[in-house]
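Encoded as structure tokens, the structure appears first; notes follow it.
Please read these numbers as outputs of a predicted model, since none were measured by experiment.
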Amino acid sequence: MKKEDEEKKKEPVLFVNQDYVLPFNPFELNHNYSVLYTIEKEGKKQTLKQNFSLLRLKPDTKQDDYHFIEISKTSKLLIDGEPINTRAYTVAEKTAELLFPLRIVVDKYGKWKDLNSYDKLKERWEKQKDSIKELFDGKTFMQLAKNIENAIEDNSLLVKQISGNWFLRSYFNGIHRAYTHNFETERKLYFPAIAQTDDLEFLITQKVNPYLNDLNQIEVTQSGKSENEHVEEYYHAQYFLNPNNYLIEELRLECDLIDMKRKITIEVKNLDESKIIVDNKISLLV
């Protein structure tokens, strides 16, 4: 069978307007996702697994330029498949309770922009301060409290800390955009592949397959490398979207830092998945 005949049998992706835009329509977003991180360094491998839920919150006013998304943890963290019961993890969980549920602001292109829960964080800190204090000696708690209160008071510092979250950054990663008649675009992409450092910068080619795959999903790929000629760093990601609402069903993202002998892989999967039946829609190329 010729390639042209095969493509005729496949369902075409429905884009918006002549710029071939994949729209960000999170109005039905109420999903549970499994998130798996695999970290490889100098021949050693470690996995971290946890489930999260994403829910679009209804805004108080009618607008289309941004959305409020609530992110909640729905399971305990597993490291190499095992639950963690150390004191350090207990402390980490207690402090994480200040952040989650986390409410973020996402623009109309599916890029996260800001937090929408500053006041909630302050309320949670006041309520949980005493229970956290019981886990530390006085001097240690005073330092921790100072760090937390500084972060809560400095919105930009808090955003910077949270922007290192791999799940958040890989999910809200700018895949909903214009692709032109060539179904691809070239752009710079920033990703926090290394903790406690600035984002790494990659020049990537981002492509969308104009036809649905065998599972009736839209496929988007991102592939590129660092523009820094002194390092060897590569980036690759695959996204699989539901064509009825353009929401992410599954994604896989890799950052391969050759010089550091380090590689991270992020895998996200919709736990509410079911067989996708394509809606009968008219073309959106208007």
Side-chain angles (χ1 to χ4, degrees), residues 3-4 7 10-26 64-67 104-114 159-160 163-194 197-213 217-243 245-260 262-268 283-286:
K3 181 179 179 182
E4 292 82 1
E7 290 181 345
K10 292 183 178 181
E11 288 282 350
V13 172
L14 297 181
F15 298 91
V16 175
N17 71 44
Q18 297 298 329
D19 290 327
Y20 294 84
V21 173
L22 281 185
F24 180 61
N25 294 330
D64 299 316
D65 292 332
Y66 55 88
H67 304 274
I104 64 172
V105 181
V106 180
D107 70 16
K108 60 183 178 181
Y109 304 107
K111 288 281 288 183
W112 96 282
K113 292 296 183 181
D114 202 352
V159 168
K160 185 176 181 179
S163 68
N165 183 292
W166 287 342
F167 171 51
L168 187 155
R169 290 291 295 276
S170 60
Y171 193 96
F172 301 103
N173 198 17
I175 61 170
H176 299 87
R177 59 174 56 238
Y179 285 86
T180 76
H181 66 281
N182 293 320
F183 305 110
E184 67 178 65
T185 183
E186 187 174 85
R187 68 185 181 96
K188 289 184 178 181
L189 181 144
Y190 300 87
F191 197 80
I194 306 172
T197 64
D198 292 336
D199 292 355
L200 299 183
E201 179 182 330
F202 300 92
L203 180 63
I204 67 163
T205 299
Q206 186 164 309
K207 300 180 180 180
V208 59
N209 188 331
Y211 296 94
L212 304 184
N213 66 13
Q217 297 169 327
I218 300 171
E219 293 185 14
V220 177
T221 60
Q222 299 172 325
S223 188
K225 62 181 181 178
S226 172
E227 288 190 284
N228 185 342
E229 61 183 17
H230 301 295
V231 298
E232 194 174 358
E233 299 171 342
Y234 298 94
Y235 173 98
H236 183 73
Q238 293 174 288
Y239 289 81
F240 301 91
L241 282 59
N242 186 321
N245 52 29
Y246 302 93
L247 294 178
I248 295 172
E249 292 292 319
E250 190 171 349
L251 74 85
R252 179 185 174 89
L253 186 154
E254 294 181 356
C255 283
D256 198 353
L257 314 180
I258 304 297
D259 297 335
M260 298 179 63
R262 177 185 173 92
K263 179 180 178 181
I264 65 164
T265 304
I266 301 160
E267 297 172 86
V268 176
S283 173
L284 300 180
L285 284 173
V286 295

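Note that SG of C255 is 11.5 Å distant from CE of M260, once rounded to the nearest 0.5 Å. With values rounded to the nearest 0.5 angstrom, L257 atom CG is found 9.5 Å from S226 atom OG. To the nearest 0.5 Å, atom CG of residue L247 and atom CG of residue L241 are 7.5 Å apart. The CD atom of E267 sits 8.0 Å away from atom CD of E250, with the distance rounded to the nearest 0.5 Å. Rounded to the nearest 0.5 angstrom, T221 OG1 and Y239 OH are separated by 11.0 Å. Atom-to-atom distance recorded for N242:CG and I248:CD1 is 11.5 Å, nearest 0.5 angstrom.
Checked by atom type and distance alone, the side chain of W166 pairs as donor or acceptor with a backbone atom of P192 at under 3.5 Å. Within the 3.5 Å criterion, the main-chain N or O of Y109 finds a donor-acceptor partner in the side chain of D107. The main-chain N or O of D19 is found under 3.5 Å from a side-chain atom of N17 such that the two form a donor-acceptor pair.
Annotation for R187 and G174: closest pair NH2-O, 3.6 Å, computed over non-hydrogen atoms. Nearest heavy-atom pair across I175 and Q206 is CA-NE2, 3.4 Å. Listed here is the closest heavy atom pair of R177 and T185: CD-CG2, 3.9 Å. When all heavy atoms of I104 and V106 are compared, the pair lying nearest together is CD1-CG2, 3.7 Å. Nearest heavy-atom pair across N173 and K111 is C-CD, 3.8 Å. Considering all non-hydrogen atoms of both residues, V13 and N209 come closest at CG2-O, 3.3 Å.
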Subject >> Verdict with supporting geometry, L253 and R169, side-chain contact (heavy atoms from CB on, under 4.5 Å) >> reply: CA-CA 11 Å; L253 186 154; R169 290 291 295 276; over 6 Å; no

**OP:** Go through D259 and E233 one step at a time and tell me if the side-chain contact (heavy atoms from CB on, under 4.5 Å) criterion holds.
**Re:** CA-CA 8 Å; D259 297 335; E233 299 171 342; 5.6 Å; no

**OP:** Could you walk me through whether I266 and F191 pass the side-chain contact (heavy atoms from CB on, under 4.5 Å) test, one step at a time?
**Re:** CA-CA 12 Å; I266 301 160; F191 197 80; 3.5 Å; yes

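Note on ring orientation: taking the six-membered ring where Trp is involved, the planes of Y20 and F15 are perpendicular (angle over 60°, cut-offs 30° and 60°). Note on ring orientation: taking the six-membered ring where Trp is involved, the planes of Y235 and F202 are tilted (angle from 30° to 60°).
The pair R252-E254 meets the salt-bridge criterion, since a charged nitrogen lies less than 4.0 angstrom from a carboxylate oxygen.
Applying the side-chain contact (heavy atoms from CB on, under 4.5 Å) test to N25 and every residue at least two apart in sequence or in another chain returns P23, F27, Y246.
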